Every structure is written in C-alpha cells, then in structure tokens.
Amino acid sequence: MIRTRFAPSPTGYMHIGGMRTALFCWLWARRQGGCFVLRIDDTDEKRNLRDALPPILDAFRWLGLDWDEGPDVGGPHGPYFQSERGERYRAAVQQLLESGKAYRDFEPAEETARQRQEAERARRPWISSRLSCELSEREIEEKLAAGEPHVVRFLIPRERTVQVTDLVRGEVRWDAALMPDPVIARADGSPLYNLATVVDDAQMNITHVIRAEEHLSNTPVQVLLYEALGYPVPQFAHLPFVAAPSSKRKLSKRDIGRYRGQKEFRKLFELGDAVLPRTGHDPSDDRLSPVMVAFYRDVGFLPAGLLNALVRLGWSLDDETEYLSLQEMVNSFHLDRVVKGAAGFDPDKLLNYQAHWMSRLSEEQRISGCRRFLLAAGLLDEDDAAIAERIGPVVNLLGDRLRVFGDILSADEFFVADDAVTYDEKAFQKRVVAPDQAVDLLRSLKQRLEACAPFDAPTLQRLLETFVQENGIRFGMIAPALRVCLTGRPQGPDLTESMALLGRDSCLTRLDRALGRAESIRADSSVPDRTAAAEGDC
RNA sequence: GGCCCCAUCGUCUAGUCAGGCCUAGGACACUGGAUUUUCAUUCCAGCAACGGGGGUUCGAAUCCCCCUGGGGUCACCA
C-alpha cells in the first residue's frame with residue numbers, strides 16, 4: 001500500500017509551490033490507490049495554530065484535494081501534529097543515545113560556530129569536532145548532574161557512502177565523511193526537523209517521500225537516521241521547485257514586491273487590483289499575492305484552472321495533452337514523467353488553462369460563480385428581482401470575456417444605478433466631447449430610441465443602421481459614442497444586445513446624463529482640441 | 001567556498017533510458033492575415049531551441065569526458 005504525505009508548517013498561507021508539491025503527492029497516492037496523509041510540522045512553531053492552520057486546509061479543500069489521515073479526520077497513525085508527538089521523538093533520541101549512535105555534545109554553541117567559521121575561512125569542509133565523545137561516562141554524569149546545557153548529536157558513520165535511487169533524479173550519492181554530526185535534540189530536549197521527520201515518516205508508514213528539491217541535501221542525514229533507528233528507508237522523489245516567471249530562481253514570498261513590477265506578473269496583479277479591493281480584501285496583503293493559493297480563489301479562478309497549471313509545471317502526460325481534469329490527472333499521473341529542471345511559473349499559461357475550464361462550465365455554474373462576486377462587491381441586491389435576473393443574460397452576453405469570476409465586476413455598468421455610471425475619461429473625450437457632430441447626432445438618435453419598439457437587439461440594430469444611412473455617416477461615428485454614454489466604456493460586448501439588456505429607460509436616462517456632461521465639458525474648455533477628434537472606425 | 005542538482009523555441013514541454021522515423025513535435029506568448037461594424041472569441045499563417053568543445057559511431061538532441069552557465073543547500077528553521 002502506497003502512502004504519501006505532505007507536511008506543511010503552519011504559516012498562515014499556502015504557497016503555490018508547496019501546493020504543487022502537495023498535488024503531486026496527492027496524485028501519486030490516488031493514482032496508486034494509496035493513502036495521502038496530511039501532517040502538521042509545528043515543531044517549535046510559536047505561531048498561533050488556530051490562525052495559521054485554517055488557510056492551509058482551506059487551500060486543499062478549495063482545490064478538492066482530500067486527505068485520508070490528518071487534521072480533522074484523524075487516523076490510525078496519529079497524532080498528526082508534531083507538537084503532540086514529543087514522546088516519540090524523545091524515545092528515538094534515547095534509543096540512539098543508548099545504542100551509541102548519538103552523543104551528548106557539551107561544546108558551547110559559540111565554540112561550534114567558531115570552528116565552522118574557521119573552516120569556512122580556511123576553505124575546508126567543516127565536520128564536528130566530537131570533543132564531547134572523549135568524555136568518560138563519569139564526566140558525562142557529572143556534567144548532567146551539574147545541569148550543564150548540551151545538545152544531542154547524531155554520530156555520522158563517516159566511513160559510509162550514502163546512496164539513494166531518487167525516483168526523479170536517479171542515483172545520488174554522498175560521502176558521509178564530509179557530513180557534520182547533525183543536532184537531533186536541542187538543549188531543552190525538543191527534536192529537530194531531520195529527526196522528527198524521519199520518526200514520523202517511519203511511524204506513519206510513509207512509502208514515498210515526495211518533496212521539493214531543496215530537501216535533497218537533507219536526504220543523506222535522514223537515510224542514515226532511518227538506518228540507525230532500524231526503520232526501512234522509504235522511496236524518495238525530489239521534485240524540481242517552481243521558479244519565478246522567466247527565471248530559475250525559486251518562486252518566493254519574499255520577492256513579492258519585486259514581482260509586482262514584472263511584466264510577466266502584470267496581468268495577475270491587475271486582476272487582483274481590480275477585484276480584491278471591491279470584495280473586501282486587501283490587495284497589498286502578501287497572503288493574497290499571486291504567490292499564494294488564496295489569491296486565485298479570491299480573484300475568481302476555478303480550481304480546475306489552477307490545478308491544470310500546477311500539474312503541467314514539471315510534468316507532462318505526452319507530447320500534446322495540455323488540458324487535464326483532476327480525474328484525468330489521477331488516471332494518468334506518473335512520477336516517471338516528472339522533469340528534473342526547475343519550471344518557471346507562467347501566468348499567461350495559467351490564464352489560458354483557466355479560460356479553457358471556464359468555457360466548459362454550464363451556464364448555471366457561471367452564474368452562481370459570478371453571483372458570489374457581485375454579492376461580495378455589494379452590486380447585487382437580492383431583493384431587487386430585476387437586477388438579480390439580469391445576471392444570467394449579462395454572463396451570457398459577456399461570453400469568453402469572462403475569464404475569471406471576478407471579471408464580472410468589470411461589467412458593473414449592468415448592475416449600477418443609471419446615475420452611478422463612471423466614464424472612461426479618455427474615451428468619453430475622444431468619442432463624445434471632441435467630435436463636432438457627436439452630441440447632436442446622439443441627441444437625434446435619442447429621439448428615435450424613445451420611439452423604438454420593441455426595444456430588442458434586432459430592432460435596435462435596424463434602427464442604428466437606418467440612422468447611420470439617413471445621416472450619411474459611418475457606423476464608427478455613432479456606435480462608439482453611444483457605447484461610452486451608456487456603459488462608460490470604450491469597448492465591450494455587442495452594443496445592441498447591451499442596450500436591450502439595459503432597457504429603454506436606463507438607456508435614455510444614461511444618454512441624457514452623458515449628453516449633459518459632454519456639453520458642460522465643452523462649455524468649460526475655452527480652447528477645444530479638435531485634433532483629438534476621432535477618426536472613429538469602430 | 002564545500003557538497004548536491006540541473007541545462008531543447010521568450011515560457012511550459014515532447015524526443016534522451018533502448019542513437020537513425022528529428023530538415024527537432026505540441027502548447028502558451030508574440031507577429032501577420034481572415035471572420036466579428038468595437039472588445040473578446042474562432043480560424044489560418046509566421047517567428048522561434050538542442051549552451052560550448054572534444055570524443056565514440058556509418059550516423060548523436062540522444063552515449064562518454066571536459067568546460068561554461070544556472071540553481072539548491074550548508075542552523076540548537078522547517
């Protein structure tokens with residue numbers, strides 16, 4: 001029975017790279033009909049678990065990655081919090097001490113650090129002095145009785161060569177003679193990562209340790225620990241890390257500030273800036289940056305879109321398959337096909353996967369997704385049936401323009417009051433204010449609209465065509481201007497469909513308002529800039 | 001610096017283990033065109049890569065060596 005685990009430390013956020021690692025662990029377990037364990041590495045974390053853990057579990061739940069054992073669900077190998085497993089680590093340390101595979105090191109930390117620096121300066125590898133190993137049993141007992149502080153170090157068998165057959169990297173070997181004796185228990189007796197991980201993975205019967213590449217250098221120590229404790233050594237698979245766009249550097253929370261200015265990340269940050277503030281979130285919160293899973297949820301991505309992007313970072317099914325549902329991933333995932341090189345996270349490609357999965361949604365699914373965002377932005381009054389019923393038609397009208405659910409907010413002209421339309425200033429100037437005939441044309445068109453019946457798209461379309469013909473103008477002279485007046489925007493979905501949706505009353509009211517606005521602007525500007533007049537060709 | 005890992009279009013990748021089917025395939029991005037009376041879609045076309053040098057071989061992206069470049073890690077963090 002295959003068992004994999006993901007062991008996050010509670011940090012209060014779920015990193016996109018960590019999520020990819022978790023996805024691969026999960027897929028491997030599911031693919032093999034095994035178990036996926038979630039374990040919380042909260043050794044020595046002073047953080048508040050109650051605040052720091054939920055965001056991580058939420059990320060898993062949102063993406064639909066369930067766990068067979070771990071927080072909330074328990075399991076036969078618990079507890080699943082390292083902070084509750086202290087006894088087991090103490091027992092392991094005791095066992096190593098008694099079998100002579102570890103020793104108490106009384107050397108002051110400063111002294112050890114000094115030796116390390118000296119070795120570094122002399123450009124030679126540093127290994128432990130092992131001075132404390134010279135101590136007689138009596139001396140040790142005396143020091144213990146005197147309460148002298150000490151750590152416990154694992155005694156590296158220096159004659160060994162450690163070799164592992166990594167499932168993605170193949171054979172990797174290390175010379176143990178070059179390895180310092182790692183501390184496995186602090187002065188206060190608490191365990192360190194390498195020890196705790198080995199004890200947990202072994203006791204939880206983890207068969208495949210799938211983790212990010214940065215752990216590769218921990219592997220030899222851990223292998224030696226497995227052996228010293230008499231545990232079977234699991235299989236290892238070290239995944240290449242997720243790199244920042246167009247780079248080979250690890251995607252990092254610390255670099256968020258720099259990412260903000262990068263062109264590769266621009267679309268994502270723009271999306272965040274457009275959606276997050278309007279739905280009660282703070283876009284400057286690092287926990288809601290494109291490096292974190294929560295960002296994608298709160299901006300309106302689909303789990304399928306993010307998942308698809310993540311799985312293709314370092315893995316491919318064959319030479320052509322790009323789009324995979326979670327079920328298809330489960331059916332076809334294999335560690336054999338994980339690549340070795342770091343993969344740069346590509347926002348453009350992510351957007352493309354997202355668009356693909358969005359297009360496969362049913363109308364109802366799209367509507368309910370958008371409703372959440374309209375509600376969160378306060379644009380939807382559930383009591384106003386007329387507005388509520390408008391969501392469906394708007395969503396349909398928007399079509400492919402709706403890439404993420406948050407995009408619905410950029411069509412807010414269909415949900416705001418007629419006197420709350422905000423205008424794209426540049427477009428308003430260019431299409432309505434600057435052209436000499438624009439205002440007169442619009443005024444004349446308004447009269448036709450008043451009489452237009454029925455007020456539906458085909459009729460409006462004919463009306464516009466006739467209007468254009470009669471006035472001997474081009475479509476581009478009137479359509480863009482009309483659009484700006486009605487929606488405030490320079491472009492958007494089909495104009496007459498939009499008008500029909502808005503309804504006659506709204507159209508007329510908005511037209512009036514815009515016309516009044518244009519006139520007062522023209523009156524204000526003593527030197528009208530005619531050169532800016534549109535050679536409208538829309 | 002020590003140790004370890006990695007190296008195909010701008011990006012994600014196929015091809016490498018079992019050398020010839022590779023004048024290196026797909027996708028995203030980009031560019032041009034068609035459709036759409038705007039935008040978005042859709043369709044067609046184009047651009048574009050085996051880091052360098054030595055071997056081995058009839059033949060190398062694929063095997064070997066060296067170099068270069070990039071990265072990770074070196075805690076009483078995880």
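Please read all numbers here as calculations on a predicted model, not as lab measurements. Protein chains get the first letters and strands the later ones, always in sequence-line order, with residue 1 at the start of each.
Remark: the separation of the C1' atoms in rG46(B) and rA29(B) is 14 Å, to the nearest Å.
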Protein-nucleic acid N or O pairs under 3.5 Å, nucleotides 19-21 of chain B:
none

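Checking rU73(B), rA27(B), rA78(B) against the side-chain heavy atoms of E214(A) singles out rU73(B) as nearest. For A187(A), the listed nucleotide lying nearest its side chain is rC76(B); candidates were rU13(B), rG2(B), rC76(B). Side-chain proximity of K248(A) to the nucleotides rU38(B), rA78(B), rG71(B) is greatest for rG71(B). The side chain of V151(A) sits closest to rC76(B) out of rC76(B), rC39(B), rC5(B). The side chain of Q491(A) approaches rC39(B) more closely than any other nucleotide in the set rU73(B), rC76(B), rC39(B). The side chain of R312(A) has rU13(B) as its nearest neighbour among rG72(B), rC5(B), rU13(B).
Listed for the H208(A) side chain is no donor-acceptor partner under 3.5 Å among the backbone atoms of I210(A).
Taking 4.0 Å as the cut-off between side-chain N and carboxylate O, R153(A) and E107(A) do not count as a salt-bridged pair. Taking the charged nitrogens against the carboxylate oxygens, K263(A) and D348(A) have no contact shorter than 4.0 Å, which rules out a salt bridge. Using a cutoff of 4.0 Å between basic side-chain nitrogens and carboxylate oxygens, K349(A) and E322(A) are scored as salt-bridged.
R489(A) comes within contact range of no nucleotide atom at all, as no heavy-atom separation falls under 4.0 Å. Among the atoms of the strands shown, none is found under 4.0 Å from any heavy atom of R124(A). Within 4.0 Å (heavy atoms only), P180(A) reaches no atom of the nucleic acid at all. When heavy atoms are screened at a 4.0 angstrom cut-off, R39(A) is found touching no nucleic acid atom at all. W174(A) comes within contact range of the sugar-phosphate backbone alone, with a heavy-atom separation under 4.0 Å but no base atom that close. Counting any heavy atom pair closer than 4.0 Å across all strands shown, V339(A) reaches sugar-phosphate atoms only and no base atom. Residue contacts for G492(A): at a heavy-atom cut-off of 4.0 Å it reaches a base atom on one of the strands shown. At the heavy-atom level, L398(A) lies nowhere under 4.0 Å from the strands shown. Counting any heavy atom pair closer than 4.0 Å across all strands shown, D319(A) reaches a base atom.
Side-chain contact annotation: R186(A) with S190(A), donor-acceptor N/O pair under 3.5 Å present.
By the neighbour-count criterion of 12 heavy atoms within 6.0 Å, atom CZ of R114(A) is densely surrounded, having more than that number from other residues, nucleotides or ligands.
Interatomic distance, T219(A) OG1 to Y226(A) OH, rounded to the nearest 0.5 Å: 9.5 Å.
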